[in-house]
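Encoded as structure tokens, the structure appears first; notes follow it.
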Amino acid sequence: MKNFRFFSVLLLSVLCFSCTTKEEANISFEAMNTWMTIKVVGGKGTKKVTKDVEQFFKDFEAQISTTDKNSEVYILNEKSCNLSLSPSSSPSSSTQICSGDLSDGVFDLTSMALKMADETDGAFNPCLYPVTKAWGFTTDSYKVPDPQEISYLLEKTDYKKVEIGDENQIAFPSGMMFDFGGIGKGYAGDRLIEYLKNKNLRYGIIDLGGNIQTFGHKPNGSPWNIGIRNPVGEGIIAGVSIDEGAVITSGGYERFFTADDSNKYIHIIDPKTGMPVDNGLVSVTIVCESGAYGDALSTALFVMGKEKAIEFWKNNKGEEFQFIIMSQTQADGFEITYTAGLKENFSLLLDVDKINIVEK
């Protein structure tokens, strides 16, 4: 689960609106627990096209919210046989199978999320909701769960036990619950860009609370320049330039709490241990074509840690995505590791302790 703050990534570029036959639309609104900004350019009628964008996101949020009692995902989770999520529950209840029918959009999102779980060997897991809920990250009622409770809940998060069938059907063991917060904004961004392109909009940039996605090319031919936030300070620490695509960042600084034991716990949970990740990383930025892919992958690589993330990238031959990983070396010091495909596109704006470039 990822809940980005609206200030998590700052834009370095401003749209160039120098064409003669164009119409510009700029809108900002709050949806999906974050602040969103959409800037697009097209021909006559562009403002009319973007008039319904805010409602698009709110409708999508109403489908996948884990806390809205009317949402499709909430109802799906409730179909988990109302199993009490505690170690004292009857063991026999875990053998029950729940099922449901999904709308086209939620079915497509579920299929994509499960595919990303397989691809990342579970480092991204859309079925982790029972654990994240126990930590209080879904309600802001934070607590450190008992190890026995975590162990029990982890048994309810095996995404491989989810079966999806024809006609948008899904089946899963009782006690399992879904949360698409780690991929939902990226998926919604992809669908929005698809819609805008079909309406013949020329180019634009959307900031979904730190998920940056662009489409089309600016008239002067220059790339989009995207800033990456300093994860422990003010302003931006680096920039990356892209043509069309997505720049999506996950960071431990986005949401966390300090418990009575004086330890800091971040909202990114390791699906294997049920504990917040503590591997020295402070942020992972993914540069790729698809917002949904980058959204899920930024979480997965954060969970993996630097060495396994590098191995994962090399196994993918660096063809589908590039990454920028920031590790904290001291209170305000950083080591930055980025992939060779960004050599000509990456710029550092603040001093760091060390820079590593990963080759194929």
Side-chain angles (χ1 to χ4, degrees), residues 1-3 29 31-34 36 38 40 48-81 97-120 124-129 159-173 176-201 204 206 208-209 211 213 215 244-246 248 288-297 299-300 320:
M1 180 187 76
K2 282 188 304 295
N3 296 306
F29 53 89
M32 299 179 75
N33 297 319
T34 193
M36 300 185 172
I38 318 293
V40 293
K48 184 178 180 180
V49 168
T50 57
K51 188 176 181 181
D52 297 327
V53 168
E54 180 177 357
Q55 193 60 47
F56 164 82
F57 280 104
K58 291 186 175 180
D59 288 346
F60 185 70
E61 179 182 16
Q63 285 183 299
I64 68 168
S65 171
T66 58
T67 56
D68 183 346
K69 293 184 178 181
N70 295 315
S71 86
E72 193 169 332
V73 170
Y74 183 93
I75 294 171
L76 185 69
N77 287 341
E78 284 296 296
K79 282 189 176 182
S80 197
C81 304
I97 299 296
C98 306
S99 63
D101 297 324
L102 305 178
S103 64
D104 289 343
V106 176
F107 181 79
D108 185 46
L109 174 60
T110 303
S111 300
M112 185 176 298
L114 292 171
K115 179 182 177 182
M116 289 303 301
D118 278 329
E119 186 171 325
T120 62
F124 170 79
N125 186 348
C127 303
L128 199 59
Y129 185 68
Y159 63 90
K160 293 181 180 179
K161 294 181 179 178
V162 180
E163 296 183 10
I164 54 176
D166 298 331
E167 300 180 358
N168 295 13
Q169 295 176 332
I170 185 172
F172 51 95
M176 181 171 284
M177 306 175 84
F178 300 87
D179 180 5
F180 298 112
I183 192 173
K185 283 188 293 184
Y187 179 87
D190 288 341
R191 300 289 76 78
L192 175 62
I193 288 177
E194 183 181 293
Y195 168 77
L196 296 176
K197 284 183 172 181
N198 287 338
K199 293 297 183 178
N200 297 316
L201 269 68
I206 61 177
L208 309 182
N211 284 22
Q213 295 181 242
F215 70 95
E244 274 193 322
I248 297 179
C288 61
E289 292 184 4
S290 163
Y293 184 71
D295 209 359
L297 206 56
T299 296
E320 295 187 357

(message) So, taking the atom named CZ in Phe180 and the one named SG in Cys127, what distance separates them when rounded to the nearest 0.5 Å?
(response) 7.0 Å
(message) Looking at Ala292, is its backbone amide N or carbonyl O close enough to the side chain of Asp190 to form a donor-acceptor pair, meaning the two atoms are under 3.5 Å apart?
(response) yes
(request) Find the distance between CG (Leu76) and CD1 (Ile170) and round it off to the nearest 0.5 Å. (result) 5.5 Å
(request) Would you name the heavy atoms of Ala300 and Thr120 that are closest together and state the gap between them? (result) CB-CG2, 3.6 Å
(request) Measure from the side-chain N and O atoms of Glu72 to the backbone N and O of Val106, and report whether any donor-acceptor pair falls under 3.5 Å. (result) no
(message) I'd like to check the side-chain contact (heavy atoms from CB on, under 4.5 Å) partners of Glu61; sequence neighbours left out, ordered by chain and number.
(response) Ala31, Met32, Asn33
(message) Any side-chain to backbone donor/acceptor pair from Ser71 onto Tyr74? Under 3.5 Å, distance only.
(response) yes
(message) Nearest 0.5 Å, please: how far is CG in Leu114 from CD in Glu163?
(response) 11.0 Å
(message) Under the criterion side-chain contact (heavy atoms from CB on, under 4.5 Å), I'd like the reasoning laid out for Asp295 against Ile248: C-alpha separation, chi angles, the key distance, then a yes or no.
(response) CA-CA 6 Å; Asp295 209 359; Ile248 297 179; 4.0 Å; yes
(request) State, yes or no, whether a side-chain contact exists between Asp179 and Leu128 at a heavy-atom distance under 4.5 Å. (result) no
(request) Without swapping roles, check the side chain of Asn77 against the backbone of Phe178 for a donor-acceptor pair under 3.5 Å. (result) yes
(message) Checking side-chain contact (heavy atoms from CB on, under 4.5 Å) between Met36 and each of Ile206, Val53, Leu208, Leu192, which is the one that passes?
(response) Leu208
(message) Restricting to non-hydrogen atoms, name the atom on Met112 and the atom on Ile183 that form the minimum distance, rounded to 0.1 Å.
(response) CG-CD1, 4.1 Å
(message) Tell me the closest heavy-atom pair linking Cys288 and Tyr293, and the distance in Å.
(response) SG-CD2, 4.0 Å
(request) Work out which heavy atom in Lys79 is nearest to a heavy atom in Cys98; give both atom names and the distance. (result) O-SG, 2.9 Å
(message) Please report the interatomic distance CG(Leu201) to CD1(Ile193), rounded to the nearest 0.5 Å.
(response) 11.0 Å
(message) Do the side chains of Arg191 and Glu194 get close enough for a salt bridge, i.e. N-O under 4.0 angstrom?
(response) yes
(request) Kindly give the heavy-atom pair with the smallest separation between Ile64 and Val73, and that separation in Å. (result) CA-CG2, 3.5 Å
(message) Please check if the number of heavy atoms outside Glu289 that lie under 6.0 Å from its CD is greater than 12.
(response) no
(request) Measure the spacing between CD of Glu167 and CZ of Phe107 and express it to the nearest 0.5 Å. (result) 10.0 Å
(message) If you compare all heavy atoms of Ile164 against all heavy atoms of Ser111, which two are closest, and at what distance to 0.1 Å?
(response) CD1-OG, 3.4 Å
(message) I need the Leu297 CG to Glu320 CD distance, nearest 0.5 Å.
(response) 9.0 Å
(request) Count the heavy atoms belonging to other residues, nucleotides or ligands that lie under 6.0 Å from CD of Gln169, then report whether that count exceeds 12. (result) yes
(message) Check this for me, if you would: do Lys115 and Glu119 make a salt bridge, where the nitrogen-to-carboxylate-oxygen distance has to be below 4.0 angstrom?
(response) no
